[in-house]
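Note on naming: letters A, B, ... go to the chains in the order of the sequence lines (proteins, then strands), and numbering restarts at 1 for each one. This one's a predicted model, so the numbers in the text were calculated from it and none came from an experiment.
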Protein chains: 2
Amino acid sequence: MKRPTIADIAREAGVSKGAVSYALNGQPGVSEETRRRILAIADRLGFRANSAARALAGAHAKVVGLALPRPPATLGVEPFFMELISGLEAELSTRSYALLLQMVPHEAEEIDFYRRWWSESRVGGVLVCDLRVHDERVRALRELGLPAVAIGPPSAAGGLASIWSDDDVSMVEAVEYLAALGHRRIARVGGISELAHTALRTKAFDEVCARLGLSARTVPTDYSAEDGARATRLLLGAPDRPTALIYDNDIMAIAGLTTAQELGLSVPADLSIVAWDDSPICHLLHPPLTALTRDIGAYGVHAARLLLSAMDGAPAGDVHGEPAHLTPRGSTAPPMVEM
Amino acid sequence: MKRPTIADIAREAGVSKGAVSYALNGQPGVSEETRRRILAIADRLGFRANSAARALAGAHAKVVGLALPRPPATLGVEPFFMELISGLEAELSTRSYALLLQMVPHEAEEIDFYRRWWSESRVGGVLVCDLRVHDERVRALRELGLPAVAIGPPSAAGGLASIWSDDDVSMVEAVEYLAALGHRRIARVGGISELAHTALRTKAFDEVCARLGLSARTVPTDYSAEDGARATRLLLGAPDRPTALIYDNDIMAIAGLTTAQELGLSVPADLSIVAWDDSPICHLLHPPLTALTRDIGAYGVHAARLLLSAMDGAPAGDVHGEPAHLTPRGSTAPPMVEM
DNA sequence: TACCATCGGTTAACCGTTGAAGCTCAGGAG
DNA sequence: CTCCTGAGCTTCAACGGTTAACCGATGGTA
């Protein structure tokens, strides 16, 4: 009836609790034969280690933490995080790790949670999202000694293991594609400018535009649909309005499409639109959005693997994910000749 | 340096560990004066109970579990869950409870997780989503004795505490609104028919249509955009095509809008569309979608409260949430007279 | 033969909290 | 004066693992 403990296994196998522990954890100290016998009994009894006892005894709990520094309201909208979490889960659950989720208003509280989780040995490691250019959290994690993986560029990860993709490659691909269509005035509705990857994208955008002799302008936003619409109106109201817009997330691109249509512009005839990140909604729109597509779930899988090996004491390695690639759809076309 | 334990507090206060435990947990057995002294010291030392030790000693861990029985791929799309999680978090974090998230392919695995979590005392309670008409999980939870709250109609909750809203009220509101506009042929793109709330909606839809003398037809789907598009094509291809469609989620409504437009139908002139659940994207579309709006975050908050009190041994109570209300937008209008 | 390393285990301490049981002391009843 | 009661603590044994330290047997080496 009650769940079996190592003591039950030990009794059954005629060995001590310690031997069982060694056998189950693949540690030396038991013969191969005894180990097999113990494992067979554990299996037959349906044994599962009690995570509380394990954590108490000093080993890490098989739990990883994820704190999302977003106000709860904006999160519902972001497909990115849900896909990321799906990917994390896919990897974690096969190794029977659990994911502890926490939403926090700001990065300061996030550090509090890390500290707390670690001291209460609630988690064995954590994932950090939305890296800032100079990120307090990275420093705090290092001095806590809490195993962590950053989801973001290594330049901002400050020595933490990180998983990232070459956003600059993708940016170049998008801009060159638009330039090849004949666009000369390309603008960008950027993300939160303090974030490390936004900075990288801005730099890449400026550089490639300069190289191709194009005018480049980035308007920063807070990633919300409202701000995306505002930025779109701002850019399209300028005297030399751009003929193509690149949006730093899909939500803003959708809002931008609607805004442009409200302003009487036809997409793609009057304005081309590229979305960064490709949610299923993008190809349900009218016209379907050309997007920079990447496998966010795969990101999550890699991040989870990286974290698990960091928790095993592996040195911090960076995983270089596949960069986002352009999926041309109906929202991009050559600009109408009107100059 | 190290985190203080109750032993540290006990030493400092000159009492035993037991006394400290009583004092911190508000149990009788210590004098009011000693309790105050102990609490002051605990506060000064920044004491936080070690969750592993607490869980091991039999008290429940301050963690609640949420298993989502969806294949990871479809989840990224559903704004519903993210908003629900936001709401849960909002309430849980103020009481310093954590949320353990697990995605499972099917309900069977979900039961395994409940069993595991409970036996490992990882969680103190769980939330159950997507109730089926006859739900195995409910039975399993009851016999486990694991505190749980169902998010769904009490008729399917089998005695578990539940949080729900009157979907039939909302359905009546939507159909009466369309009927008042002059629609006579209304069809519905429904959700997964095994789910309890889908069944309730179907019943309500059939009843109100019968009462108003309208033709009613529901096509079940798996909630995905693709299936929503398929159902839309099916319904619009029928000889007496409906002049209004009600979709059981926002994703399918978006897909339906696109599908209708591809078929050469103008919305709302040729076809009116109502979406159940109102994500921010709904009013970014062209035309913006008329939707049944409800505060999903508030659902989450209530669910969390209900669960915490169930974990305190409170009897199962049902919370009756505010039903979804119609937000008329551009996707609904009187039907063109063509008969 | 004496010494030592290795293997395969056992033993017991330990992690921090809980709570039952036991102890002490003061006050009231008989 | 003795007995009983109960408040207020202390003591101690779980809870279920992990792990350092120890131990006996075996085998190789000087």
Would you mind reading off the distance between [X] atom [atom1] and [N] atom [atom2], rounded to a whole angstrom?
| X | N | atom1 | atom2 | result |
| --- | --- | --- | --- | --- |
| A/Arg36 | C/dG9 | CZ | P | 12 Å |
| B/Arg11 | C/dT17 | CZ | P | 12 Å |
| A/Gln27 | C/dG9 | CD | P | 15 Å |

Are the side chains of B/Ser86 and B/Ile296 in contact, using a 4.5 Å heavy-atom criterion? no

Stacked cation flag B/Arg137 on B/Tyr114, 6.0 angstrom / 45 deg: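 Ring-cation test returns no.
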
State plainly whether the residues B/Glu107 and B/Arg132 are in salt-bridge range, i.e. N to O under 4.0 Å.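 Judged by the 4.0 Å cut-off on N to carboxylate O distance, B/Glu107 and B/Arg132 do form a salt bridge.
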
Less than 4.0 Å between a side-chain N and a carboxylate O, is that true for A/Arg139 and A/Glu136? yes

What does the B/S/- profile of nucleotides 5-17 of chain D look like, 5' to 3', with a 4.0 Å heavy-atom cutoff to protein? ---SBBB---BBB

Between B/Thr34 and B/Val30 (side chain of the first, backbone of the second, donor and acceptor by atom type, cut-off under 3.5 Å), is there such a pair?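 Side chain of B/Thr34 to backbone of B/Val30, a donor-acceptor pair under 3.5 Å: no, none is there.
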
